[in-house]
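Here the structure is a predicted model, which means the values were calculated and not measured.
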Amino acid sequence: MNRELFKAMALDLARGLERQAAGATAARLSFREFLTSPRFCGLSDLSPAMLAIVDASEGTPPRLDEAVARSIFGCSAEGLPSQPTRTVVVEAGGRAGKTSRLLAPKAIHAAWTVALPNVRAGEVARAVIIAPDKDLAVQVLGYCRGYIAGSPELRAAVVDGAGRPAVPEEGDEDIGTSERLVLRRPMDGALVEIAVKAASRGGTGARSRTLVFAGLDEAAFFYASDGYTVNDREIYRAAIQRVVPGGQVWITSTPWLAHEGVMAEFVDRDWGRHESALVAHAGTRLLNPSWDPDGSIERAMRREDPENAAREIDACALSSGTAIFYNREAVRSALELKPPGRAPDATGAGGDFGFVSDASAVALVGRWDTVPGKPLEACVYGGIAGEELRPEPGMPLRPSEVVAAFAGVLEPHGVVELMVDGHSREAVREHTDRLGVGLVNAPTSPLLPHLELKKALDEGRLALGGMSEELRERVALQLGRVRKGRTPGGSVQVILPRGKGAGHCDLVAALVLAVWHARGALGAEGAVAEVMAPRRGGAMLGGRR
């Protein structure tokens with residue numbers, strides 16, 4: 001036999017044996033081992049509750065106290081499935097690590113380990129993560145990149161678009177594109193991409209590929225672009241059909257409304273029973289004990305907004321008695337209506353500031369008086385400009401940069417005052433003083449500006465058609481998420497959800513203040529409030545030109 005041919009055959013045999021060994025090793029690699037091993041994710045500080053969910057997702061009895069097990073799973077450890085379920089649901093509080101420490105690593109683990117016996121030559125299988133919008137989807141892929149960049153074994157498996165090795169330097173997270181990266185598995189040489197998609201109508205993000213995994217991140221906040229249509233169910237149906245045997249669909253989210261959406265359906269049906277899915281429920285502190293170590297954030301949240309704190313910290317969904325606050329047909333009409341083609345009679349600007357988990361937003365609104373002598377009863381409010389800035393993971397927004405950006409939005413329109421609430425005012429006052437932007441106090445009742453915006457919407461007096469398409473889409477999405485409920489005393493309250501995709505409805509929070517400011521804020525609740533910094537001149541906000 002030709003020596004070169006013999007060497008080639010021997011090399012092929014050796015590689016085949018290596019792949020078989022790697023395949024056997026990968027097949028035995030549990031999710032817990034993948035998370036905690038320094039070879040892969042190297043997470044040594046996972047809480048017992050998070051590890052219990054990890055174990056239970058693979059049919060392994062969790063190592064938990066009986067009472068804690070019942071609080072998470074609704075049953076004892078012995079009552080949990082003894083085999084991996086095809087669907088895993090995690091309803092958890094905000095800042096608990098459900099995306100960064102469960103969903104993103106699980107996508108990599110599935111891409112690395114799930115068997116693909118029927119994939120055709122040249123086919124690229126996929127582990128997909130779907131988030132409420134593109135920005136957040138890209139953010140999730142960033143978590144995946146971070147884990148892969150920190151693991152020599154995973155990093156060596158990265159390939160480029162042509163399937164060629166593309167090994168970045170150690171610690172370099174410049175892997176793949178903004179929406180996908182590809183691994184060539186040593187176990188079988190198969191190509192598996194980890195891709196992220198924004199939630200879309202009809203579940204298109206989960207179609208057209210063989211899936212080893214599908215993760216629905218913040219699924220309670222999957223809405224179509226109209227801001228009202230929940231499309232999580234269509235996405236789940238598309239994904240569950242395409243995930244190969246041995247793969248899973250994970251649904252994780254902070255809750256929103258009780259009994260609404262696919263996650264809530266699984267919680268209602270399977271928590272404590274786990275017949276069609278493993279369902280876990282846990283508050284922020286149980287999953288992430290290091291959150292808010294001095295308790296100051298929690299105390300403030302429970303004092304200022306107890307209902308939202310219960311949802312964000314304790315993972316308690318809002319009562320199904322809550323209803324949509326803004327009429328959807330009125331919102332659709334407002335998105336098409338353009339303001340009058342002349343200068344407004346007054347201009348108002350509103351700001352809402354968040355720097356770590358929430359976004360910062362500014363909105364500029366004009367007021368056109370259409371009936372002499374009755375300006376406020378018959379005026380038209382028109383959206384002029386706005387901007388929303390979102391923090392990246394581990395990279396909070398800088399107040400100075402946010403204020404400078406928003407001043408750049410206001411200045412071309414001659415606007416030098418901004419209406420903000422007390423929380424925002426102290427956070428940015430130093431920077432607005434330096435730029436000469438006046439801060440005007442928002443009314444003490446947050447309901448009043450929402451009622452003014454709702455009245456203008458319902459009467460066809462809100463014109464948003466002059467704003468950019470991207471801004472209109474975000475406003476529509478966020479208006480659709482605002483709900484109304486009742487306080488224990490029976491009064492109406494406005495509920496703005498905190499959830500990925502629309503932040504804390506920050507753009508709507510800015511818009512309602514801009515409308516209230518343009519209105520003039522006349523009356524007891526708010527005598528156009530105290531100006532916190534001197535004006536530089538130009539048009540006065542909240543009054544006639």
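- Every side-chain contact (heavy atoms from CB on, under 4.5 Å) that Ala300 has, sequence neighbours left out, goes to Arg303, Glu304.
- Looking at residues two or more places apart in sequence or on another chain, you find no ring pair (Phe, Tyr, Trp, His ring centres under 6.0 Å) involving Phe73.
- Evaluation of the side-chain contact (heavy atoms from CB on, under 4.5 Å) rule for Ile297 yields Trp291, Asp292, Met301 as partners, not counting sequence neighbours.
- Annotation: salt bridge (charged side-chain N to carboxylate O under 4.0 Å, His left out) contacts of Asp45 (sequence neighbours excluded): Arg101.
- Contacts of Ser253 classified as side-chain hydrogen bond (donor to acceptor under 3.5 Å, both in side chains), with partners at least two apart in sequence or in another chain: Glu218.
- With sequence neighbours left out, Ala49 forms a side-chain contact (heavy atoms from CB on, under 4.5 Å) with Ser47, Ile72, Leu286, Leu287.
- For Glu298, the side-chain hydrogen bond (donor to acceptor under 3.5 Å, both in side chains) partners at least two apart in sequence or on another chain are Arg285, Arg302.
- Qualifying salt bridge (charged side-chain N to carboxylate O under 4.0 Å, His left out) partners for Arg180, counting only residues two or more places apart in sequence or in other chains: Glu193.
- Applying the salt bridge (Lys or Arg N to Asp or Glu O under 4.0 Å) definition to pairs two or more places apart or across chains, none involves residues 247-256.
- For Ala427, the side-chain contact (heavy atoms from CB on, under 4.5 Å) criterion is met by Phe355, not counting sequence neighbours.
- Residues passing the side-chain hydrogen bond (donor to acceptor under 3.5 Å, both in side chains) test with Glu401, sequence neighbours excluded: none.
- With sequence neighbours left out, Lys338 forms a side-chain hydrogen bond (donor to acceptor under 3.5 Å, both in side chains) with no residue at all.
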